[in-house]
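Heads up: the structure comes next, in structure tokens.
Letters A, B, ... are given to chains in the order of the sequence lines, protein chains preceding strands, and every chain is numbered from 1. In what follows, every heavy atom counts, from backbone to side chain, and hydrogens, waters and symmetry copies are set aside.
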2 protein chains.
Amino acid sequence: MATLADVARRAGVSPATASRVINGSSKPVADELRERVLRAVADLRYVPNAHAQLLARPQRSVVGVVVHDVSDPYFAELTRGLQRVATDHGRLVIICNSYRDPERELEYVELLRAQQVAAIVLAGSGYHDATFTARLAEKLAAYEATGGRVAVVGRHEHPGDAVMPANTDGGRLLGAELLRRGHTRIGVVAGPQVLTTITDRLDGLRAALAEGGHPLPAERVRYADFDRDGGARAAGELLDAVPGLTALVALNDSMAVGALTLLRARGVPVPGQVSVVGFDDMPVAADVTPALTTVRLPLVELGARAMTLALGPPADRSRVEVLPATLVVRDSLGPAPA
Amino acid sequence: MATLADVARRAGVSPATASRVINGSSKPVADELRERVLRAVADLRYVPNAHAQLLARPQRSVVGVVVHDVSDPYFAELTRGLQRVATDHGRLVIICNSYRDPERELEYVELLRAQQVAAIVLAGSGYHDATFTARLAEKLAAYEATGGRVAVVGRHEHPGDAVMPANTDGGRLLGAELLRRGHTRIGVVAGPQVLTTITDRLDGLRAALAEGGHPLPAERVRYADFDRDGGARAAGELLDAVPGLTALVALNDSMAVGALTLLRARGVPVPGQVSVVGFDDMPVAADVTPALTTVRLPLVELGARAMTLALGPPADRSRVEVLPATLVVRDSLGPAPA
DNA sequence: GGCTGCTAGGAAAGCGCTTACCTATGCGAT
DNA sequence: ATCGCATAGGTAAGCGCTTTCCTAGCAGCC
């Protein structure tokens, strides 16, 4: 690997001059020398060693992102927003997948600190686990103490900048719409109960139903894995356990698709007999048949805002932005059958 | 940020000793000192500066990945394979999105070189553009000259390690199956013609059809954007231009979903009047109605193999692995109507 | 007891870069 | 002709770490 010294030698100048030319420093350099340096750079295919630069002038150019899983469409969209803003700021992005393992999240925060990243964006759901939350907060604080910036998305564990989707509002929207269409015997296909995302959405739904005079009994909520198979399983259980069920609320679109698959397999007409609604408005929601009624979260925007907070000027106090959820009505939701 | 010197001072030892304790160097250190160092590390929340470490002991721990777009399910799956292997090797991953912009790919290679990454994996499709290909090869060679490793996935621009999906075979499979079911008036919903992925798939399809005695006329191929909307547009054009069309081949699943949407909007029964097949077997293929017949590519495996080549022992010569494509038959493909 | 031979720990160099500081040159002013 | 000053360029320190090389101390031996 060619070094600055090599360039300087070849151009017949001092390393200082070479550095000044390459970085476009404010100090003026004679055209003749500048030329020679530039030619040497080209000849040697010189690229400055980013680590040495970082050591000499602590100006961080990389940001770290910790998500549950980039291959999950939810995080794929989110990540796209994060990336766009990071790129606009001229920052590279290190993406770490925690695969929903809290320990791994902790490890990654540590690793990113060692990498001296300019900022860490932690995306995903929080956990109902006080010990973990405390450890995470502690690690983030240690990182921030070194001048790093932190923003979280979709979780509120951190006493700094956060961007949140309106999960609870979304649950409410769904509940209100179901009631409006006459649904009262409603089953909920829920993801893991430890995730704050799940409980937030559920809280909203519960509140809307209770306000409408039809509180949700505990046995009408089934917790399962946050994916297609989990959705199918929970939907099956609810169908068996709740006679006269007219609607199924899945707490994300993957689970909703699983529920749809199960209903079709059992020959249950959707929405003729049972309506299905999802959450997130992932691309698949529009592609299935019947197209899924769901709650749209501005995922790209969520990511973009988080990165903007993380890379923008720091605030003296905690900032929490909540981005609104909107209802997207499609074919999978009909009136409750008589 | 606490430094090694801080730790050493607090423990009352030299930086050398502190370093030895922290890195578990082979040199023995008295238990008493070791203890003191460890305590100091914990007290100060010391994390070694990865850049300084890298400078002092050039042992790279980060790998770079350049993809078109992580939020595209194709790359999301691929990336998952890449990540898994990288993590198994204890490597962090920097993900760069080129958004299908060749210039940006070039830039990212440069940036990753500056970051002294251990390896660069370039994923996506190649371009039919000799100038670009040459520039890319040149940049990759410059990077390799510094001891970096390179592997490419889904493209063959690089004279080193490569992992390829059997795109041409996949096209053949599709063509053969269509003929077997009596389809001869076939339209092709193709992505951008500059992508080698497209032309490879098309070549296979063409070959199979020609061998079956039904060569594909050029006007039955429509090139459009590689996404849902492009698929809908191209499908519409073909429907208008080719009377008696019985099958639509989309060169990826997104386009196929777009075609499906258009056919439904026009009230064309699928597969009753027109069959539709896709390519890639992305998750959505199983979720749409009718479920999509498509070609499965082992995307996760593809990514995993590429990263394995990139991080494993170097070969003295170019290695190209081709991973097989398989046909997945679902409901969207039926016999040609009489 | 004096020597050798070992070991634990420290001093210091050096990784590639930036930049504060210094030197030498050339110009205009006196 | 002398002085001062601006300016272009070089010298060297230092970023945080690893590691080679060295020193001091000690046990074991004759």
(message) Please report the distance, rounded to the nearest Å, between CD in A:E32 and C1' in D:dA8.
(response) 13 Å
(request) Output yes when at least one side-chain N/O atom of B:T17 is less than 4.0 Å from OP1 or OP2 of C:dG10, else no. (result) yes
(request) Return the nearest nucleotide to the side chain of A:P28; candidates are D:dC21, D:dA8, D:dG16. (result) D:dA8
(request) Report yes if the side chains of B:M307 and B:R91 come closer than 4.5 Å at any heavy-atom pair, otherwise no. (result) no
(message) It should be established whether A:N49 places a side-chain nitrogen or oxygen under 4.0 Å from OP1 or OP2 of nucleotide C:dC15.
(response) no
(message) Side-chain N or O of B:T3 versus OP1/OP2 of D:dG16: is the shortest distance under 4.0 Å?
(response) no
(request) Determine whether A:R20 and A:V13 make a side-chain contact, defined as any pair of heavy atoms from C-beta on separated by less than 4.5 Å. (result) no
(request) Round to the nearest Å and state the distance from A:Q59 atom CD to C:dC17 atom P. (result) 15 Å
(request) Provide, to the nearest angstrom, the distance between the CD atom belonging to A:Q115 and the C1' atom belonging to D:dG16. (result) 14 Å
(message) Is there, by distance only and without an angle test, a donor paired with an acceptor across the side chain of B:R57 and the base of C:dG14 below 3.5 Å?
(response) no
(message) What contact category does A:A30 fall into here, base, sugar-phosphate, or nothing, at under 4.0 angstrom with non-hydrogen atoms?
(response) sugar-phosphate
(request) Remember a base hit wins even if backbone is also touched, and classify A:S19 as base, sugar-phosphate or nothing at under 4.0 Å, heavy atoms. (result) base
(request) Give a yes/no on whether any side-chain N or O of A:Q53 is located under 4.0 angstrom from OP1 or OP2 of C:dG16. (result) no
(message) Rounded to whole Å, how long is the line connecting atom CZ of B:R20 with atom P of D:dC17?
(response) 15 Å
(request) Send over the distance from A:R60 CZ to C:dC17 C1', rounded to a whole Å. (result) 17 Å
(request) Mind checking the OG1-CZ spacing from A:T131 to A:R135? Nearest 0.5 Å is all I need. (result) 8.5 Å
(message) The side chain of A:L55 is closest to which nucleotide in this list: D:dT19, C:dA20, D:dG16?
(response) D:dG16
(request) Nearest-nucleotide wise, let me know which of A:V13 and B:N23 is further upstream toward the 5' end of DNA chain D. (result) A:V13
(request) Can you figure out which of C:dG9, C:dG16, C:dG10 approaches the side chain of B:V29 most closely? (result) C:dG9
(message) Are A:K139 and A:I120 packed together at the side-chain level, in the sense that at least one heavy-atom pair is separated by less than 4.5 angstrom?
(response) no
(request) Using atom CG of A:L54 as one end and atom C1' of C:dC17 as the other, report the distance to the nearest whole Å. (result) 11 Å
(message) I need the B:H68 NE2 to B:L122 CG distance, nearest 0.5 Å.
(response) 8.5 Å
(message) By nearest heavy atom, map A:P15 and B:A56 onto DNA chain C; which one lands nearer the 5' end?
(response) B:A56
(request) Whole angstrom is fine here: how far is it from CG in A:L4 over to P in D:dA12? (result) 17 Å
(request) Calculate the interatomic distance between A:Y46 atom OH and C:dT18 atom P; express it in whole Å. (result) 6 Å
(message) Applying a 4.0 Å non-hydrogen cut-off, can you work out what B:P48 is touching in the nucleic acid: base, sugar-phosphate, or nothing?
(response) sugar-phosphate
(message) To the nearest 0.5 Å, what is the distance between SG on A:C96 and CD1 on B:I94?
(response) 10.0 Å
(message) Mind checking if A:L33 touches a base, just sugar-phosphate, or nothing, with heavy atoms under 4.0 Å?
(response) sugar-phosphate
